[in-house]
Amino acid sequence: MARIKEGKYIWMNGELIPWQDAKIHVLTHALHYSSAVFEGIRCYKTEKGPMIFRLKEHMERLLNSAKIYRMDVPYSIDDLMKASIEIIKANEIEECYIRPLIYRGYYNLGVNPFECPVEVAIAVWEWGKYLGAEAIEKGVDVMFSSWTRIAPNTLPPMAKAAGNYANSQLIKMEAAMYGFVEGIALDAQGFVSEGSGENLFAVKDGVIYTPFLDACILPGITRDTVIKIAKDEGIEVREVLIPREFLYIADEVFFTGTAAEITPIKTIDKIPVGRGERGPVTKRLQEIFFGYVKGKIPDKYNWLTPVK
Ligand code: PPE
């Protein structure tokens, strides 16, 4: 992966700070105890100018993640939406990834975080294809991870919290070391959960399957988008517990996520999924998904927020 492409400013607690000066102290609470929650959002270049995809839903999830961790955030959803627009404009960027972060700042250390200030930052940068340049068309090779996904009542999976990504990093590093693009984690019971940073879908005999929340997934916004698009297309979607081997014999399997968008999976544990290439259902869903995000399909769900 290439080094992050630096922009001009980062939004920190209501101010635009020059990129290089957006720093924190080494004794920041979040750095030691993962007391942070975050989001990942994409802004797409469209014919009507830059548009942010499902900004409100992302900010809702961000504030819900903060609520789970008892963080008092001094900003509303509306404030955070406005701040995102402001920082995109300040960076004069048309297409980007938006990373809002809420974290416990510098005051004292010790597990109890309550006295540390709750800080908010929003950064934007250009981020290309998450799982490789060719992934969207050609698909990726993945493995089942030897690491189990975070279990119920340990780290709450519905919160998009920094701590969850310690688990994700173990999954991702293992996959990379073995030469795979990504790992799929099973939940504590052995059912399919998700990728290190993506939700997962399977297609079999014309029906779409995806794990429900009981498999400890992050309730992905792209996942929700794909479910809505599939239903609009008249395809049945079942949110169920999925056994590992179901993926080996599925016709198509794909990842969804803000960063990954819709990425086909061509092999799992070196077993070809279907014919080992992107399948027709995945392709159709991609066409509609990219149609919405790029403003080419009428925005009937009000998913796009204009920057200008
Ligand atoms: N599961 C996990 C664990 C996850 O991190 C993501 C997003 C998803 C599912 C999909 O959620 P959504 O983006 O709402 O459809 N992962 C973000 C972070 C990736 C990263 O490397 O950082 C993302 O895609 O932005």
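Both ligands and their constituent atoms are indexed starting at 1 by order of listing. Positions are given from 1, in the same order as the sequence printed here. Because the structure is predicted, anything quoted here is derived from the model rather than measured.
- Remark: K56 is not positioned above the aromatic ring of Y301, lacking an NZ or CZ atom under 6.0 angstrom from the ring centre and at most 45 degrees off the axis.
- The shell of residues lying under 4.0 angstrom from ligand 1, judged by heavy atoms, excludes R42.
- Of all protein heavy atoms, the one closest to atom 15 (O) of ligand 1 is T222 OG1, 2.6 Å.
- Between K138 and E277 there is no salt bridge, since no side-chain nitrogen of the basic residue lies less than 4.0 Å from a carboxylate oxygen of the acidic one.
- Considering only non-hydrogen protein atoms, atom 11 (O) of ligand 1 sits nearest to G220 CA, 3.5 Å.
- In this comparison of W127, F255, Y165, Y130, the heavy atom closest to atom 21 (O) of ligand 1 sits on Y130.
- Under 4.0 Å from ligand 1, not a single heavy atom of E39 appears.
- The 12-atom threshold is not exceeded at CD of E15, counting heavy atoms of other residues, nucleotides or ligands nearer than 6.0 Å.
- L55 and M51 are members of different hydrophobic clusters when ILVMFWY side chains are connected at heavy-atom separations under 4.5 Å.
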- Tell me, with the steps shown, if E287 and K283 meet salt bridge (Lys or Arg N to Asp or Glu O under 4.0 Å). CA-CA 6 Å; E287 280 162 7; K283 184 162 184 262; 3.6 Å; yes
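- Considering only non-hydrogen protein atoms, atom 25 (O) of ligand 1 sits nearest to Y97 OH, 2.5 Å.
- Here the heavy atom of the protein found nearest to atom 22 (O) of ligand 1 is R99 NH2, 3.1 Å.
- Other residues, nucleotides and ligands contribute more than 12 heavy atoms inside 6.0 Å of the CD atom of E233.
- Other residues, nucleotides and ligands contribute at most 12 non-hydrogen atoms within 6.0 Å of the CH2 atom of W147.
- Nearest residue to atom 17 (C) of ligand 1 from E261, E194, K160, Q169 is K160 (criterion: closest heavy atom).
- Comparing heavy-atom distances from atom 7 (C) of ligand 1 across A259, G197, C216 singles out G197 as nearest.
- Every atom of ligand 1 is numbered from 1 in the order shown, and the set under 4.0 Å from a heavy atom of G40 is 25 (O).
- Across I217, T258, N199, heavy-atom proximity to atom 13 (O) of ligand 1 is greatest for T258.
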- Message: Please evaluate residues T256 and E261 with respect to the criterion side chain to side chain donor-acceptor pair (under 3.5 Å), reporting the C-alpha separation (whole Å), side-chain torsions for both, the decisive distance (0.1 Å), and the verdict.
- Response: CA-CA 5 Å; T256 67; E261 297 167 310; over 6 Å; no
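- For the pair P219 and ligand 1, no heavy-atom separation below 4.0 Å is found.
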